[in-house]
Amino acid sequence: MSEPSLDLTESERHHAMLQVALKEARIGREEGGVPVGAALFDGEGKLLGSGHNRRVQENDPSIHGETDAFRRAGRQKNYRDATMATTLAPCWYCSGLIVQFGIGTVIVGESRTFAGGVEWLRTLGVKVIILDSAECRTLMEGFIHEHPEIWYEDIGEFRS
């Protein structure tokens, strides 16, 4: 499914949006990168852009899933009605992007392996919906187990 149908319930729409992000996360994993995917939708549910974490693949620490989706969406007049779907709770960097541009809603696949800036976003009035997806969690936990050094680098916790 490339974009969610308007005929779905709100919950079904949220899950359909997450599926777009999850597809991106799987692509990132297949490429050898951190499996975080994201997708940005307008207020009507139209897909504006999707992307995945490409820090490893591009040797660029600024390409997180959310920033990739945001860049691919192109310029918008405003983001108040936009929804960012992401497979993992956004880090502080990506949470800052959400706040800076006023993205109104964030759908999070899972926040158990990493809580990121979820609570901060909520205190600033961003609607955060956590779906607690077992599929997102399994994908991330598998990656962390196989590549802890890349994971800790990705979240800014440098360990020796």
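Between the side chains of N53 and D154, a donor-acceptor pair is found at a separation under 3.5 Å. Judged purely by distance below 3.5 Å, without hydrogens or angles, the side chains of E24 and S50 pair a donor atom with an acceptor atom.
By the 4.5 Å side-chain criterion applied to Ile, Leu, Val, Met, Phe, Trp and Tyr, L97 is assigned to a cluster that also includes L40, L48, F70, Y79, M84, W92, I98, V99, F101, I103, V106, V108, V118, W120, L121, L124, V126, V128, I130. Summarising the hydrophobic clusters (Ile, Leu, Val, Met, Phe, Trp, Tyr; side-chain heavy atoms under 4.5 Å, direct or chained), the residues clustered with I27 are none.
The closest donor-acceptor contact from the side chain of E44 to the backbone of K46 lies at 3.5 Å or more, if one exists at all. Judged by distance alone, with hydrogens and angles left aside, the side-chain atoms of T9 form a donor-acceptor pair with the main-chain N or O of E12 at under 3.5 Å.
Nearest heavy atom pair, residue S62 against residue R71, reads OG-NH2, 3.4 Å. For the residue pair Q57 and G28, the shortest heavy atom distance occurs at NE2-O, 3.6 Å. Nearest approach of A38 to A69, heavy atoms of both residues: O-CB, 3.6 Å. Between C94 and P90, the closest heavy-atom pair is CB-CB, 3.9 Å. Taking all atoms of both residues into account, the shortest heavy-atom contact from P35 to R29 is CB-CB, 3.9 Å. The two atoms that bring T87 and A25 nearest to each other are CG2-CB, 3.9 Å, heavy atoms only.
For the pair E135 and R26, the salt-bridge criterion is met [side-chain N within less than 4.0 Å of a carboxylate O]. Salt-bridge formation is detected for the pair K127/E10: a Lys NZ or Arg NE/NH1/NH2 atom is positioned less than 4.0 Å from an Asp or Glu carboxylate oxygen. In summary, D60 and R55 do not engage in a salt bridge, as defined by a charged side-chain N under 4.0 Å from a carboxylate O.
Atom OG of residue S133 and atom CE of residue M140 lie 11.5 Å apart, to the nearest 0.5 angstrom.
Using a 4.5 Å cut-off on side-chain heavy atoms (C-beta onward), V34 and I150 make contact. Taking 4.5 Å as the limit, every side-chain heavy atom of V36 sits out of range of all side-chain heavy atoms of H52. In this structure, the side chains of Y93 and T67 come closer than 4.5 Å at one or more pairs of heavy atoms.
Hydrophobic clustering keeps F143 apart from L139 (ILVMFWY residues linked when any side-chain heavy atoms are closer than 4.5 Å, directly or through intermediates). There is no path of hydrophobic side-chain contacts, each under 4.5 Å, that joins V56 to I63.
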